[in-house]
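Structure first, then comments.
Keep in mind the model is a prediction, meaning the values are calculated, not measured. Here is the naming used below: chain letters follow the sequence lines, and residue numbers restart at 1 for every chain.
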Number of protein chains: 2
Amino acid sequence: MNKEEMIVKVLKALGHPIRFKIVKFLLIEPQCVCKLNENIEFSQSNLSQHIKILKDAGIIKGEKQGLNIEYSIANDNVKHIINMTEKFVEYYLNNIK
Amino acid sequence: MNKEEMIVKVLKALGHPIRFKIVKFLLIEPQCVCKLNENIEFSQSNLSQHIKILKDAGIIKGEKQGLNIEYSIANDNVKHIINMTEKFVEYYLNNIK
DNA sequence: TAATTATATAAGAATATTATTATATAATTA
DNA sequence: TAATTATATAATAATATTCTTATATAATTA
């Protein structure tokens, strides 16, 4: 997979409501799936599959801690991507009349 | 559609190889679909549909100029989103061994 | 005004993604 | 070691996206 394909993969991974929510929660603090499960209204299995997609895109990483796996954001650039997109949307909202 | 949904929509729109290519070309210079059609190996109809998705997400805008419609990037934040994602991927590539 | 050109749209087929259900695995605790 | 807990995976159904083909529209030119 070349660089452009990876970029597209990352954007695509972020472009889904559940996955975006997961990332937002992990930006606040690292947490285990069980905790995410309380916060996000979806089945454990479904959540797990979305986590896999985020992990494959390099967006999050997991560290086994006993029974749990603590997930966290892989690096700070993730936050910047989201901040920029937020900014874009804000600009957009301010410029439609 | 709330702000979070719009953010997801933007990321999703960018997370497709053809649409990403369109945006990359338009970042270089505004151009009409016919020009894009030369650059991107897809049917006119398919291209047109992807353009619609980008337009709906507020990423590009089109201005009719005679027979052509000249498309361009709606605002500079688009460039920043992509730059950040590029940076993210570069970081990722430098940190796998 | 007929023909041409650039682009959009509608309909449907092909394909991909997502969600669900059931089951598996791996670590922990009783 | 059996039971429990947290998470992953496989299979498949449900749904959404993408692409193709055909047709429509709108501006331009002959």
Side-chain angles (χ1 to χ4, degrees), chain A residues 1 4-26 29-74, chain B residues 1 4-26 29-74:
Chain A
M1 189 160 44
E4 182 158 316
E5 286 169 336
M6 290 192 61
I7 294 173
V8 170
K9 188 177 182 174
V10 169
L11 292 166
K12 188 175 179 183
L14 291 173
H16 182 281
I18 295 180
R19 293 195 293 266
F20 188 78
K21 257 183 202 162
I22 294 172
V23 170
K24 286 290 254 183
F25 276 114
L26 295 183
E29 56 172 354
Q31 53 191 283
C32 59
V33 185
C34 53
K35 198 80 191 299
L36 285 169
N37 230 327
E38 289 173 26
N39 290 323
I40 301 174
E41 67 295 344
F42 269 86
S43 72
Q44 178 272 314
S45 162
N46 194 203
L47 202 49
S48 187
Q49 286 171 86
H50 283 301
I51 281 172
K52 188 171 189 307
I53 290 169
L54 289 169
K55 215 166 37 171
D56 286 351
I59 295 167
I60 66 175
K61 57 175 198 266
E63 205 183 336
K64 190 118 201 179
Q65 292 194 340
L67 258 186
N68 300 326
I69 298 176
E70 181 164 89
Y71 282 101
S72 59
I73 298 298
Chain B
M1 190 158 44
E4 182 158 316
E5 287 169 335
M6 289 192 63
I7 293 172
V8 169
K9 188 176 184 176
V10 169
L11 292 166
K12 189 176 180 181
L14 292 172
H16 182 282
I18 295 179
R19 292 194 294 265
F20 189 77
K21 254 182 204 164
I22 294 172
V23 170
K24 286 291 256 184
F25 276 113
L26 295 183
E29 55 173 354
Q31 51 191 282
C32 58
V33 185
C34 54
K35 197 80 191 298
L36 285 170
N37 231 329
E38 290 171 25
N39 290 322
I40 300 176
E41 66 294 344
F42 270 84
S43 72
Q44 179 272 317
S45 162
N46 193 203
L47 203 50
S48 187
Q49 286 171 85
H50 283 301
I51 281 171
K52 188 171 190 306
I53 290 169
L54 288 169
K55 216 166 37 174
D56 286 351
I59 294 167
I60 67 176
K61 57 176 197 265
E63 204 181 339
K64 192 118 202 180
Q65 292 195 338
L67 257 187
N68 300 327
I69 298 177
E70 180 164 271
Y71 282 101
S72 59
I73 298 296

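Judged by distance alone, with hydrogens and angles left aside, Q49(A) brings no side-chain donor or acceptor close enough to the base of dT17(C) to form a pair under 3.5 Å.
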Show me the dot-bracket string of DNA chain C, counting Watson-Crick or G-U pairs under 3.5 Å, with | for pairs to another strand and [ ] for crossing ones.
||||||||||||||||||||||||||||||

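Put simply, CG on L54(B) is 12 Å from P on dA8(C), counting in whole angstrom units. Whole-Å rounding puts the Y71(A) OH to dA6(D) C1' distance at 10 Å. Taking atom CG of residue L47(B) and atom P of nucleotide dT21(D), one finds them 16 Å apart after rounding to whole Å. Atom CG in N37(B) sits roughly 13 Å away from atom C1' in dA8(C) (whole-Å rounding). For the pair I51(A) CD1 and dA6(D) C1', the computed distance is 11 Å after rounding to whole Å. Between the CD atom of Q44(A) and the C1' atom of dA10(D) there is a distance of 13 Å, given to the nearest Å. Per the geometry, CG belonging to D56(A) stands 14 Å off C1' belonging to dT17(C), to the nearest Å. In this structure, N46(A) places its CG atom 15 Å from C1' of dA22(C), rounding to the nearest Å.
Using a 4.0 Å cut-off, no side-chain N or O of H50(B) falls inside it from OP1 or OP2 of dT17(D).
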Do any side-chain atoms of residues 6-24 of chain B form donor-acceptor pairs under 3.5 angstrom with protein atoms, and if so which ones, sequence neighbours left out?
| from | atom 1 | to | atom 2 | distance (Å) |
| --- | --- | --- | --- | --- |
| H16(B) | ND1 | I18(B) | N | 3.1 |
| R19(B) | NE | A13(B) | O | 2.7 |
| R19(B) | NH1 | H50(B) | ND1 | 3.1 |
| R19(B) | NH2 | K12(B) | O | 3.4 |
| K24(B) | NZ | E86(B) | OE2 | 3.1 |

Name every donor-acceptor pair, under 3.5 Å, that has one atom in a side chain of residues 61-73 of chain B and the other anywhere in the protein, sequence neighbours excluded.
none

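If you check residues 58-68 of chain A against DNA chain C, the residues with a heavy atom closer than 4.0 Å are K64(A), G66(A), L67(A), listed by number. Looking at residues 6-22 of chain A, you'll see K12(A), H16(A), I18(A), R19(A) sit with a heavy atom under 4.0 Å from some atom of DNA chain C.
Nearest nucleotide to the side chain of S48(B), out of dT7(D), dA11(D), dT9(C): dT9(C). Residue I69(A) places its side chain closer to dT7(D) than to any other of dT7(D), dA22(C), dC19(D). Closest contact between the side chain of F42(A) and the listed nucleotides dT9(C), dT7(D), dA19(C) involves dA19(C). The side chain of S45(B) approaches dA22(D) more closely than any other nucleotide in the set dT20(C), dC19(D), dA22(D).
Atom-to-atom distance recorded for I60(B):CD1 and L54(B):CG is 4.5 Å, nearest 0.5 angstrom.
Within the structure, salt bridge (Lys or Arg N to Asp or Glu O under 4.0 Å) contacts touching residues 43-57 of chain B (residues at least two apart or in different chains) are K52(B)-D56(B).
Under the side-chain hydrogen bond (donor to acceptor under 3.5 Å, both in side chains) criterion, Q49(A) pairs with S45(A), not counting sequence neighbours. For E29(A), the side chain to side chain contact (heavy atoms under 4.5 Å, CB included) partners at least two apart in sequence or on another chain are Q31(A), K35(A).
Nearest heavy atoms, N37(B) versus F42(B): OD1-O, 2.9 Å.
DNA chain D is contacted by both E70(A) and I53(B); E70(A) maps to the nucleotide lying nearer its 5′ end (nearest heavy atom per residue).
Between I51(B) and L36(B), some side-chain heavy-atom pair lies under the 4.5 Å cut-off.
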